[in-house]
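Take a look at the structure set out below.
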Number of protein chains: 2
Amino acid sequence: MTDKTDGMEAEPERRTRRRGSQGVTIRDVAQRAGVSLMTVSNAINGTGKMAPATRQAVLDAIAELGFAPNTAARSLAGAASLRIGFLHAKVNNGFLGAMLIGALQAASLNGAQLLVRGVNSGDVASLAEAIASLRDNGARGLILSPPYAEMLALLPAPGPMLPVAVVAAGSAMPGLVTVRVDDRLAMRQLTTRLLEQGHRRIGFITGPAGHTSSAARLQGYREALAAFGVVADDDLVMPGTFHFHSAMPAARTLLERTAPPSAIVASNDDMAAAVIAVAAQMGVPVPERLAVTGFNDEAIAQTIWPTLTTIHQPVQAMAEQALSRLINRLRGQPVEDDLVLDFALIERASTGAPADGP
Amino acid sequence: MTDKTDGMEAEPERRTRRRGSQGVTIRDVAQRAGVSLMTVSNAINGTGKMAPATRQAVLDAIAELGFAPNTAARSLAGAASLRIGFLHAKVNNGFLGAMLIGALQAASLNGAQLLVRGVNSGDVASLAEAIASLRDNGARGLILSPPYAEMLALLPAPGPMLPVAVVAAGSAMPGLVTVRVDDRLAMRQLTTRLLEQGHRRIGFITGPAGHTSSAARLQGYREALAAFGVVADDDLVMPGTFHFHSAMPAARTLLERTAPPSAIVASNDDMAAAVIAVAAQMGVPVPERLAVTGFNDEAIAQTIWPTLTTIHQPVQAMAEQALSRLINRLRGQPVEDDLVLDFALIERASTGAPADGP
DNA sequence: CTGAAAGCGCTTACAG
DNA sequence: CTGAAAGCGCTTACAG
């Protein structure tokens, strides 16, 4: 265990050509465990039935040798060499990193190859071009984040569209693999929390109409109000676009009403940050005079002051699941279209009971 | 060109076993160009001298067929199957995504395999564990972002350390591959811009002492003042840690001085965001009464209001270069330790001339 | 339940 | 300047 150098007998002169392969291979494991290559492969992949003792012997050998399968060999050999396109917006947000980590993990696990391409956000031509290039390079499926899934419908000639998986979709989308949280339920719980704290006039800033999650979130907000017997006041619902700037006039309008809300629910974190900025400009203390909530739990939720009460989505796990499912589907296995993962309501400093009490 | 289905003659029954390989392979290209596999490979990799006509024929065939090399096969076959560990903090910032995209691209280009691991930030034990696991899995080099490079020195038993590349290092680091922008020069230019606009009392919030870039940025600030003949006032320099929260008391202290600064230079964007938050709380309008600058051009720079004047680092290109260089070094080619890329000074809404004029 | 053989798509020495 | 052969490390049918 402690002696890493055991087994280092004088090597019979290595095969003459090519690199001296520096890693532990399946062959070393087989030798150590006293079985064939095949059996090691079986033990690793859990296929077929094996004698538990054999499997254990292999697993032990793997542990002792610190063996990790070479993903290149694996994907080359496997029914695998499957290429999947990953489209990302050329913007700098935390979502991208988490999605990539998750997708990379699933790709490595499944021996697939990820082809990563940037797309100018909002640019349909750029999207079409990226998809065409991806297809030319052998991509047989696509993994997308939300804005792009909705843009798919806008493409000139969908033609023989590739199978698509959508991460953080707002709702199930017919024919596509979707992995998401329940936006409606999450927003309902978030709003309910504010109601429990005594808030009754609660403003809402929506996402863009085209986004599937916009409607789901608005509905969750309304359901929470209804469940508490609070009459919905349409003057308290303002349109937004998910962009920071869109929420500034919305927040200002809400706060300048004769009867301003004691809380504002924004449909994402960026817009919540804008609400906080406007409140600061207007001298309205958060959370004392105004509670504010976001959605997504992006980096800004913890970077702004006060930190944001928001809904956390497990982006990395979502991407991992989305890619695994897409791969399974491409390999002909039956997979359900829609997977809903758990979200978490995270309470931070931007909320509290209203100053004038419940 | 327009007919994607040409060349689809009745296929001679495919090799019986295994998947019908669905992509265009080097073999198809060779056939189309009327050369051997070898020659195609040569044309692709630009090795050796080829008859220009031959090369062109191959390139044409590649274009016509839309061929893209299978990276799995490539890395498996190449002297390549090189594994590099990529360590990332388990935090949600834009840096990670950009770094991953860049590293992925370089890995794919060079036929290397990236082993991605998360590390609890600030946790030396977690870092040591990740490195050990990476090494066991055959990693022969490491690519790191700044906080980790500095932590390397703290590891209990550096032992036979792996070669390391550092992205966005604050300065050259002996023995490590570093890719960075000139932090000192960037901060000097940023500060100079404020001086040109008429600011004379300029506050500064530093980064943590352990970070190599902290000192470089502070020096750049001081050089700019000196070049303008402005006497440095140590009361205007406050310590920070790069974290949002650390900058709040610092900003408050600066703004409460009898002669408060008309501008505050923060050593990164998060801290600049904190300065803006404090200014809003104190009723100091930005940029009218207070100019604020950041550093890094992370997502928050465009999400906050007013948007931040800051220094843009080409993170993706930096990661790409860092990984390429590390790979070259591992392959025994001579590479220089330190690469300095260009930064960009980005002026947004958080700066302007001081209200009381130059 | 286990193994010998063929093959994934490419690159590397080495001959011509 | 170009090509035939071997090999990278693994998995997939197929026999035992």
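Naming convention: chains lettered A, B, ... in sequence-line order (proteins, then strands); numbering from 1 in each chain. Please read these numbers as outputs of a predicted model, since none were measured by experiment.
The closest donor-acceptor contact from the side chain of A/Ser41 to the backbone of A/Leu37 lies at 3.5 Å or more, if one exists at all. Judged by distance alone, with hydrogens and angles left aside, the side-chain atoms of B/His88 form no donor-acceptor pair with the main-chain N or O of B/Val116 at under 3.5 Å.
Take B/Asp123 and apply the side-chain hydrogen bond (donor to acceptor under 3.5 Å, both in side chains) test, not counting sequence neighbours, and it matches no residue. Residues satisfying the side chain to side chain contact (heavy atoms under 4.5 Å, CB included) criterion with A/Ala319, sequence neighbours excluded, are A/Met99, A/Val167. Partners of A/Gln31 by side chain to side chain contact (heavy atoms under 4.5 Å, CB included), not counting sequence neighbours: none found. With sequence neighbours left out, A/Ala57 forms a side chain to side chain contact (heavy atoms under 4.5 Å, CB included) with no residue at all. When the salt bridge (charged side-chain N to carboxylate O under 4.0 Å, His left out) test is applied to B/Arg329, the partners found at least two apart in sequence or on another chain are B/Asp337.
Mapping A/Ile26 and A/Met38 onto DNA chain D by nearest heavy atom places A/Ile26 at the nucleotide closer to the 5' end.
In this structure, the CG atom of A/Asn42 is 9 Å from the P atom of D/dT11, given to the nearest Å. One atom, CG of B/Leu65, and another, P of C/dG9, lie 14 Å apart when rounded to the nearest Å. For the pair B/Leu37 CG and C/dT11 P, the interatomic distance rounds to 10 Å; values are reported in whole Å. In this structure, A/Asp28 places its CG atom 9 Å from P of D/dC10, rounding to the nearest Å. What separates CD of A/Gln56 from C1' of C/dC1 is a distance of 17 Å, to the nearest Å. Atoms CZ (A/Arg27) and P (D/dC8) sit 7 Å apart, rounded to a whole Å.
Proximity of A/Thr39 to the phosphate of C/dC1: no side-chain N or O atom is located under 4.0 Å from OP1 or OP2. Checking the phosphate oxygens (OP1, OP2) of C/dG9, no side-chain nitrogen or oxygen of B/Thr25 falls inside 4.0 Å. Distances shorter than 4.0 Å separate some side-chain N or O of B/Ser41 from OP1 or OP2 on C/dT11. Note on A/Ser36: every side-chain N or O is 4.0 Å or more away from OP1 and OP2 of C/dA4.
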Item to check | Pairing string, 5' to 3', for DNA chain C - Watson-Crick or wobble contacts under 3.5 Å, brackets [ ] where pairs cross, | to another strand | outcome: |||.||||||||.|||
